[in-house]
Enquirer: 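Following this message is one structure expressed as structure tokens.
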Amino acid sequence: MRFIKPYVLLFIVGIFFLLGYVYFSFFSERLNRRTDVVSVTPWLAPIVWEGTFDPVLIDKIYKPMNLTIATTVFAVGKYVRFLQDFLETAEKHFMVGFHVRYYVFTDRPHDVPSVNLSQGRHLSVIQVPGSNRWQEISARRMEFIQTTIERQIRREANYIFCLDVDSKFHARWGSESLGRLVAVIHPGYYEQSRDRFPYERRLASTAYIPMDEGDYYYGGAIIGGFVEDVYTLTKVCRTRFEEDAGNSIEAAWQEESHLNRYLLDNKPSKVLSPEYLWQDIKAKTKQVKVIRFSAVIKNNAEVRPNV
């Protein structure tokens, strides 16, 4: 299968969004305006909340492109138990009507459940080693995604989302989330000031962010965008993590710390609101009108090694 070159895809999307802008100029009553949340970043990237997009219009833009969305998920050790709910709810809510390829990374391939997938959706199992430290599993995620993009994904998909397996989909997650480089605002910090963000603050780490810098605190459970843009992200973060390891440093929140450093230097073209990364332990707030994807309640000490 041949895929659209990134620069051609950008041009096509630009044309469609220009047409969409004209559409909204005349028919804006179809869109419920949000005045209770910030819906655009300082660098003019959209922040996607319920009520800031028209799902019918945006699907009309993207679905004719015949896109394939890669989705990576790590089900290592006891985390394989979350895979069935992840996949079954994804089939109901995630990129419905698009071609989707799930890439399941696991050290227990025989425990991967059999789930009925819709037409045009496929699942590949990629065996990876387990670990006695959950921090190492988290840190090596960038490495495994990078190498799998090199070997396979870049020939099989246009976009990619890297998601956490201990989560479930509860509502639509669709084409409104597509962009060149996509990040999500962490649900624990979207109402906090910058000085409260848990960035890596040690100057010796390559993930270091000074107290007076930073835009948002992004959750590491979601990385998305064009395959090649995510490839660059994972390659840079992996290199920086390995440089830190060589200096006997482990960033405060492993891959999430390196992700936030990267996104400070390379601004995302689209930011997803906490609707796309909620937590079941949190009550829904006035701003979060729809919970689309949420981390399930679990006993970390029971499922994580070395906790």
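Side chains are part of it too, since the values below use all heavy atoms of this structure and drop only hydrogens, waters and symmetry mates.
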Enquirer: Calculate, to the nearest 0.5 Å, the distance between atoms CD1 and CZ belonging to I149 and F144 respectively.
Expert: 14.0 Å
Enquirer: So Y218 and V184, do their side chains get closer than 4.5 Å, heavy atoms only?
Expert: no
Enquirer: Roughly how far, to the nearest 0.5 Å, is CG of N260 from CZ of F197?
Expert: 9.0 Å
Enquirer: Could you check if a side-chain atom of W43 sits within less than 4.5 angstrom of a side-chain atom of P268, using non-hydrogen atoms only?
Expert: yes
Enquirer: With a 4.5 Å cut-off on side-chain heavy atoms, are E213 and L264 touching?
Expert: yes
Enquirer: Report yes or no: does T52 contribute a side-chain atom to a donor-acceptor pair with the main-chain N or O of W49 at less than 3.5 Å?
Expert: yes
Enquirer: Using 0.5 Å steps for rounding, measure from the CD1 atom of I58 to the CG atom of L178.
Expert: 7.5 Å
Enquirer: Anything under 30° is parallel, anything over 60° is perpendicular, the rest tilted; go ahead and classify Y189 against Y217.
Expert: perpendicular
Enquirer: Heavy-atom count check: over 12 atoms from other residues, nucleotides or ligands less than 6.0 Å from K235 NZ?
Expert: no
Enquirer: Charged N to carboxylate O below 4.0 Å: is that the case for E242 and R238?
Expert: yes
Enquirer: Please report the interatomic distance CZ(R141) to CZ(F105), rounded to the nearest 0.5 Å.
Expert: 9.5 Å
Enquirer: Do T68 side-chain atoms and A157 backbone N/O form a donor-acceptor pair below 3.5 Å?
Expert: no
Enquirer: Looking at R261 and E200, is there a salt bridge between them, counting it only when a charged N and a carboxylate O are closer than 4.0 Å?
Expert: no
Enquirer: Output yes when a side-chain donor or acceptor of S294 lies under 3.5 Å from a complementary backbone atom of D280, and no otherwise.
Expert: yes
Enquirer: Whether the Y262 and T206 side chains hold a donor-acceptor pair (N or O, under 3.5 Å, no angle test) is what I'd like checked.
Expert: no
Enquirer: Starting at CG of D166, measure out to CD of Q279 and round the result to the nearest 0.5 Å.
Expert: 10.0 Å
Enquirer: Has the side chain of E256 got a donor or acceptor atom that lies under 3.5 Å from a matching backbone atom of Q254?
Expert: no
Enquirer: Can you confirm whether N116 is buried at CG, in the sense that more than 12 heavy atoms of other residues, nucleotides or ligands lie under 6.0 Å from that atom?
Expert: no
Enquirer: Just to verify, which of L83, T89, D85 counts as forming a side chain to side chain contact (heavy atoms under 4.5 Å, CB included) with L87?
Expert: L83
Enquirer: Step by step, would you call T148 with Y231 a side-chain hydrogen bond (donor to acceptor under 3.5 Å, both in side chains)?
Expert: CA-CA 9 Å; T148 305; Y231 171 75; over 6 Å; no
Enquirer: Under a 3.5 Å threshold, yes or no: a donor from one side chain and an acceptor from the other, between Y103 and E156?
Expert: yes
Enquirer: Name the residue from F161, F169, Y276 that meets the ring pair (Phe, Tyr, Trp, His ring centres under 6.0 Å) definition with F293.
Expert: F169
Enquirer: Between W173 and F94, how do the two ring planes meet: parallel, tilted or perpendicular, split at 30° and 60°?
Expert: perpendicular
Enquirer: Checking E91 side chain against S118 main chain: does a donor-acceptor pair fall under 3.5 Å?
Expert: yes
Enquirer: Would you give the length of the straight line joining atom CG of L181 to atom CD of E228, rounded to the nearest 0.5 angstrom?
Expert: 13.0 Å
Enquirer: Donor-acceptor pair, distance only, cut-off 3.5 Å: does the side chain of R292 make one with the backbone of R172?
Expert: yes
Enquirer: Using a 6.0 Å cut-off, check whether atom NZ of K63 has over 12 heavy atoms from anything other than its own residue.
Expert: yes
Enquirer: Answer whether the closest heavy-atom distance between the side chains of K270 and V48 falls below 4.5 Å.
Expert: yes
Enquirer: Could you check whether any side-chain N or O of S205 sits under 3.5 Å from a backbone N or O of A251, counting only pairs where one atom can act as donor and the other as acceptor?
Expert: no
Enquirer: Exactly one of I223, D215, L233 should register a side chain to side chain contact (heavy atoms under 4.5 Å, CB included) with L263. Which one does?
Expert: L233
Enquirer: Check this for me: R196, atom CZ, are more than 12 non-hydrogen atoms of other residues, nucleotides or ligands nearer than 6.0 Å?
Expert: no
